[in-house]
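To start, the structure itself, in structure tokens.
Sequential numbering from 1 along the given sequence is applied to the chain's residues.
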Amino acid sequence: MRKLTYFVATTVDGFIGAPDGDADFMYAYADQEFLGHLIAEYPETIAAAGRAHLGLADAEPKRFDAVIMGRNTYEPGLKAGMTSPYGHFREQYVVSRSLAEAPASDVRLISGDVAAEVRGLKARDGLGIWLCGGADLAAQLADEIDEYIVKTYPVVAGTGMPMSRAGFGVRPLELTGCTAFGGGQVITSYDVKR
């Protein structure tokens with residue numbers, strides 16, 4: 001059975017973006033060592049435009065072959081003309097109640113019961129499923145997430161978009177990995193204890 005992994009970037013105080021959702025400020029805290037690790041270990045999580053620039057256009061996926069994102073996560077790329085930001089994935093899903101049709105032929109829309117759709121995806125053969133974002137979608141899928149991989153950047157935001165809007169609920173985790181980098185970034189991974 002495939003895993004749903006919330007692979008997410010966050011500040012030390014747990015925000016994945018500014019109050020408006022913009023997360024670009026975190027990129028200032030990514031150095032070459034950290035970026036090199038992301039490219040080597042998670043090449044499929046780099047959007048198509050970046051993959052070409054980094055020489056990863058033909059890089060095979062290592063962990064994920066499906067990606068699911070909310071409309072707010074999809075929107076910035078769409079506004080910039082990227083209708084298929086992760087076209088290198090076997091499956092690319094956008095959760096939206098407002099889009100009438102998918103802007104690209106390889107993007108599938110989910111507008112109904114997201115958790116039921118994800119359970120169906122998890123039952124298929126393949127690599128893992130990357131929950132790309134954001135906070136609202138993470139809340140809808142809180143009980144479907146199997147693993148968290150959290151990229152923590154060495155910055156405190158004070159306020160902003162949380163990792164999830166699921167509200168209070170204790171969900172025990174088991175630490176499965178922790179890698180610290182010279183620039184202060186840390187990647188921690190956790191399995192959800194069921």
Side-chain angles (χ1 to χ4, degrees), residues 4-39 41-51 53-54 64 67-86 89 92-99 103 107 109-111 114 118 129-142 144-145 147-169 171 173 178-190:
L4 177 64
T5 301
Y6 192 14
F7 179 71
V8 63
T10 182
T11 63
V12 169
D13 51 348
F15 296 106
I16 63 172
D20 67 357
D22 184 3
D24 287 350
F25 69 92
M26 281 193 259
Y27 299 136
Y29 301 93
D31 61 17
Q32 289 301 320
E33 177 193 17
F34 181 66
L35 292 174
H37 179 80
L38 294 178
I39 290 167
E41 295 300 319
Y42 308 95
E44 65 271 32
T45 65
I46 298 168
R51 288 171 63 85
H53 176 72
L54 294 169
F64 312 113
V67 60
I68 183 170
M69 67 193 98
R71 168 70 189 264
N72 289 335
T73 299
Y74 181 62
E75 189 69 29
L78 187 59
K79 285 182 179 176
M82 291 183 283
T83 58
S84 180
Y86 298 103
F89 276 81
Q92 188 176 191
Y93 299 92
V94 174
V95 176
S96 175
R97 291 180 200 89
S98 59
L99 287 173
V107 172
L109 294 180
I110 299 174
S111 59
V114 179
V118 167
I129 305 163
W130 171 29
L131 171 54
C132 181
D136 293 326
L137 185 55
Q140 293 176 58
L141 295 172
E144 299 302 325
I145 296 171
E147 176 184 42
Y148 290 84
I149 300 177
V150 183
K151 302 171 289 178
T152 304
Y153 289 83
V155 62
V156 172
T159 189
M161 182 178 289
M163 280 181 56
S164 174
R165 296 194 199 280
F168 184 77
R171 294 174 179 88
L173 306 174
C178 183
T179 306
F181 299 88
Q185 310 87 355
V186 179
I187 297 178
T188 49
S189 55
Y190 304 88

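A166 approaches A139 most closely through the heavy-atom pair N-CB, 3.3 Å. Listed here is the closest heavy atom pair of T11 and M26: N-SD, 3.9 Å. Contact record, F64 with T5: CE2-CB, 3.5 Å, taken as the closest heavy-atom pair. When all heavy atoms are compared, the tightest approach of T188 to C178 is CG2-SG, 3.7 Å. Nearest heavy-atom pair, S96 versus S111, reported as atom, atom and distance to 0.1 Å: O-CB, 3.2 Å. D13 and G158 get closest at one heavy-atom pair: OD2-N, 2.7 Å.
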Steps toward side-chain contact (heavy atoms from CB on, under 4.5 Å) verdict (V95, M69): CA-CA 6 Å; V95 176; M69 67 193 98; over 6 Å; no

Evaluation steps, side-chain contact (heavy atoms from CB on, under 4.5 Å), between T83 and Y74: CA-CA 9 Å; T83 58; Y74 181 62; 4.2 Å; yes

Test side-chain contact (heavy atoms from CB on, under 4.5 Å) applied to T152 and Q185, step by step: CA-CA 6 Å; T152 304; Q185 310 87 355; over 6 Å; no

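With 3.5 Å as the limit, one finds no donor-acceptor pair spanning the side chains of E147 and S189.
A distance of 7.0 Å separates OG1 of T73 from CD1 of I16, quoted to the nearest 0.5 Å. Taking CG from L131 and CD1 from I145, the interatomic distance works out to 5.0 Å, rounded to the nearest 0.5 Å. Atom CZ of F15 is separated from atom CZ of F25 by 9.5 Å, given to the nearest 0.5 angstrom. Taking CD from E44 and CZ from F89, the interatomic distance works out to 5.0 Å, rounded to the nearest 0.5 Å. How far CG of D20 is from CE of M161: 7.5 Å, rounded to the nearest 0.5 Å. Here the CG atom belonging to L54 is positioned 4.5 Å from the CD1 atom belonging to I39, to the nearest 0.5 angstrom.
Annotation for Y42: atom OH counts as buried by contact number, over 12 foreign heavy atoms lying within 6.0 Å.
Taking 4.5 Å as the limit, every side-chain heavy atom of V186 sits out of range of all side-chain heavy atoms of V12. Contact check for P85 versus Q92: side-chain heavy atoms found under the 4.5 Å cut-off. Within the 4.5 Å cutoff, the side chain of I68 has heavy atoms near those of the I129 side chain. Inter-residue side-chain proximity for V8 and I149 is flagged as unmet; no heavy-atom pair is nearer than 4.5 Å. Here the side chains of V67 and Y93 are not in contact, with every heavy-atom distance at 4.5 Å or above.
For Y6 and W130, the ring centers sit 6.0 Å or farther from each other. The six-membered or imidazole ring of Y153 lies near that of F34, with a centre-to-centre distance under 6.0 Å. The ring of Y190 has its center no closer than 6.0 angstrom to the ring center of Y148.
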